[in-house]
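Order of the sequence lines sets the chain letters (A, B, ...), proteins ahead of strands, with each chain counted from 1. Everything numeric here is computed off the predicted structure, so don't read it as measured data.
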Protein chains: 2
Amino acid sequence: MRHVALSTVRRLSLYLQFLEESERAGTTTVSSRALAERGGATPAQVRKDFSFFGSFGMRGVGYPARELAARLRDILGLGHRYRVVLIGAGRIGAALAAYPGFVERGFDLAAVYDVDPAKIGKRLGEGHVVVRDLAQLEADLAAEAAQIAVIGTPAQAAQGIAERLVAAGVHAILNFAPVALTVPPGVTVTNVNMALELEALSFALKHRRA
Amino acid sequence: MRHVALSTVRRLSLYLQFLEESERAGTTTVSSRALAERGGATPAQVRKDFSFFGSFGMRGVGYPARELAARLRDILGLGHRYRVVLIGAGRIGAALAAYPGFVERGFDLAAVYDVDPAKIGKRLGEGHVVVRDLAQLEADLAAEAAQIAVIGTPAQAAQGIAERLVAAGVHAILNFAPVALTVPPGVTVTNVNMALELEALSFALKHRRA
DNA sequence: GAGTGTGAAATTGTTCACAGCG
DNA sequence: CGCTGTGAACAATTTCACACTC
C-alpha cells in the first residue's frame, strides 16, 4: 500500500456511511457512480480511491455492498472500540459527550478532565461521566491507556495539553482549539474549527460570482 | 484577484485568529515566520497566501499586525454581521446556539426551525431563541432574508432542506449532516462531520509508522 | 454491454530561490 | 542586512481514456 492522501481517507469514510445506509435499505450491489454521487466525487475518483487498497469490484456489475463495507471498516481501523479521553468540560465537551454517533461508531468516552474546581466531580452534561481533575491525567493514562484524545480547551492551553498527552502515549488528537498544534512525527492531529468554517462561508459569499 | 484555493482561505482565517491575539498582546509587527508557526504553514506559504490579494508587508520588517488583521477581515468578508438560520433544534443546534464565538465573530442566530411539535415554541438550550415550525421557513425568509443556513438535521432530511433553503435565496450552508449535498453553482456548502474526523484518526492510528 | 482497474495526462497546490525594497 | 513578493520548479491530486473482465 503506497501513500494515501488524507482526502482519499475522508472520502472512504463517506462511502462507508453511504454503504451502511444502502445495506439497511437492502441494496446488495453499488456502482462507483452511486458512491460518487453520495461522496461528492466522480466515479473515476471512487475507483481510484479503492485501487490504493486492492480491487474489490466486479467488472460490469459494481461492488458488493456488504463486502465493500466490511473492507472499508477494516481499512479505516474500525474493527474494535477506542478509548477516548476529553480535556475540557465546556460546551464542546458536553456536545460531544451527548453525541450518539460517537459511541455508535466505536468511540467510548472513558474520562473527562478540567481544571475548574466548580466542574470537577460533577457529571458532564446529561451523561454519566464524572469530570476529573486534570492533574490526574498522567496517572490515569498510565493505569489505562487511551488511543484518542479530544482537546476542547481554550486556545492558550491547547499546546501544553497536547504535549502532556503525547508524553502520556496518545497518538491521535481531535483538536477543537483554534491553534495549529505542534506534535512529533507519528502523532496525528485533526482540527475542527467552527469559526474557520463560518469565515470560509463568509469569504465565499463575499466573492461569489453567478 | 485570480482564483484562490480553499486551503488558502482556511489559512487566512487562522492567521487572523493569531493576529487578533497578537494585537491584544500589544504586538505591532509580525513576520511570515511567526504567522506560519501558528497557521501550520511555511513562511513562503504565508507570503504566497497574501500575494493573491496584494502586498501589505514591509520588506525587511514584516507585517503591521493591526493593518493586516483589518485587511484579512475585509478579504474574508467579516465587515458586517450575518443573519444565520438553523434547521434542526437537536444537539448540534443547541451547542451551536450556545457557542459564544459564533456571535462574537459577527454571526447572529436569527431563527431556529424544527418539525417536532414537542420542540416548537420552546427556547433552544439556554438561549433566548424560540424554535419555530419548519413550515414557516419560506415565509420567514421572504420577510427577512438570511445569508447563511446551518443544517443540523438527520441525514435523510438534509438534501430536501438544502433545496428549500436554496429556493428561498440562501447561498451559504454549513452542513452537519453526513451527506454530500447537491446544490446549484453559486451556492457554497461547508461540511462538518464528526464521525468522519474520528474515522480519519482511526485510519492514522491503524497505519501509523514510527 | 456495462462498469471496474489503472497507467498517463492534466490540473491544482506547495515549495524553492532569488530579486527587490525598506 | 532582513524579510517580503513572486515567477519558476516541483509535488501531489484529480481527471481521462481505455484495456480488461464478468
Side-chain angles (χ1 to χ4, degrees), chain A residues 1-15 18-19 22 27-69 71-72 75 180 188 196 200 203-204 207, chain B residues 1-15 18-19 22 27-69 71-72 75 180 200 203-204 207:
Chain A
M1 184 192 108
R2 67 182 191 277
H3 177 256
V4 177
L6 178 61
S7 49
T8 292
V9 175
R10 297 174 68 90
R11 281 192 299 270
L12 292 181
S13 178
L14 274 181
Y15 303 150
F18 175 58
L19 283 167
S22 300
T27 311
T28 57
T29 307
V30 303
S31 65
S32 57
R33 164 183 293 274
L35 285 161
E37 217 153 288
R38 170 60 175 261
T42 63
Q45 192 164 49
V46 172
R47 300 198 296 274
K48 190 67 152 184
D49 286 342
F50 293 158
S51 78
F52 291 112
F53 303 95
S55 70
F56 4 95
M58 298 169 290
R59 289 167 195 247
V61 181
Y63 301 87
R66 190 180 190 74
E67 281 156 64
L68 180 57
R71 196 79 189 77
L72 290 182
I75 291 167
T188 305
L196 185 152
F203 178 89
H207 300 88
Chain B
M1 186 189 106
R2 66 184 191 275
H3 177 257
V4 177
L6 178 61
S7 48
T8 291
V9 175
R10 297 174 67 91
R11 282 192 298 271
L12 292 181
S13 178
L14 274 182
Y15 303 151
F18 175 57
L19 283 167
S22 300
T27 311
T28 57
T29 308
V30 302
S31 65
S32 58
R33 162 182 294 273
L35 285 161
E37 217 151 290
R38 170 60 175 260
T42 62
Q45 193 164 47
V46 172
R47 298 197 298 271
K48 190 68 153 186
D49 286 341
F50 293 158
S51 78
F52 292 111
F53 304 95
S55 69
F56 5 93
M58 298 169 289
R59 290 168 194 245
V61 180
Y63 300 87
R66 190 180 190 76
E67 281 157 66
L68 180 58
R71 196 79 190 77
L72 290 181
I75 291 167
F203 178 89
H207 299 88

Heavy-atom donor-acceptor pair, A:Arg59 side-chain to D:dT21 base, under 3.5 Å: no
Hey, does B:Tyr63 have a side-chain heavy atom less than 4.5 Å from the side chain of B:Leu19? no
Length of the line joining A:Lys48:NZ and C:dA8:P, which is rounded to integer Å: 10 Å
Rounded to whole Å, please give me the gap between CG in A:Leu6 and P in C:dG13. 15 Å
Tell me what A:Phe56 touches on the nucleic acid: a base, only sugar-phosphate, or nothing, going by heavy atoms under 4.0 Å. sugar-phosphate
Just the rounded figure in Å: distance from C1' of C:dA17 to CD of B:Gln45. 16 Å
Could you tell me the separation between the CZ atom of A:Arg33 and the C1' atom of C:dG3, rounded to a whole number of Å? 10 Å
Measure CZ/A:Arg10 against P/D:dT14 and give the value in whole Å, please. 12 Å
Could you check how far NE2 of B:His3 sits from C1' of C:dT12, rounded to whole Å? 10 Å
Can you tell me which nucleotide in D:dT14, C:dT6, C:dG13 comes closest to the side chain of A:Arg11? D:dT14
Does OP1 or OP2 of D:dG5 have a side-chain N or O of B:Tyr63 closer than 4.0 Å? yes
Of the listed C:dT14, D:dT4, C:dT6, the closest approach to the B:Ser7 side chain comes from C:dT14
Nearest-nucleotide comparison on DNA chain D, the residue closer to the 5′ end among B:Ala44 and A:Arg47: B:Ala44
Looking for any heavy atom pair under 4.0 Å, which part of the strands does B:Phe53 touch: base, sugar-phosphate only, or nothing? nothing
Under 4.0 Å, counting only non-hydrogen atoms across every strand here, what does A:Phe50 touch: a base, just sugar-phosphate, or nothing? nothing
Any B:Thr42 side-chain nitrogen or oxygen under 4.0 Å from OP1 or OP2 of C:dT14: no
Whole-Å distance between D:dG2 C1' and B:Met58 CE? 12 Å
How many whole angstroms separate atom CG of A:Leu12 from atom P of D:dT13? 14 Å
If you assign B:Ser55 and A:Ala41 each to the DNA chain D nucleotide with the nearest heavy atom, which residue ends up on the more 5' nucleotide? B:Ser55
Quick one: label A:Ser32 by what it contacts on the DNA or RNA (base, sugar-phosphate, nothing), any heavy atom closer than 4.0 Å. sugar-phosphate
For the helix from C:dG1-D:dC22 to C:dG22-D:dC1, what angle lies between the axis at the first five pairs and the axis at the last five pairs, to 10 degrees? 10°
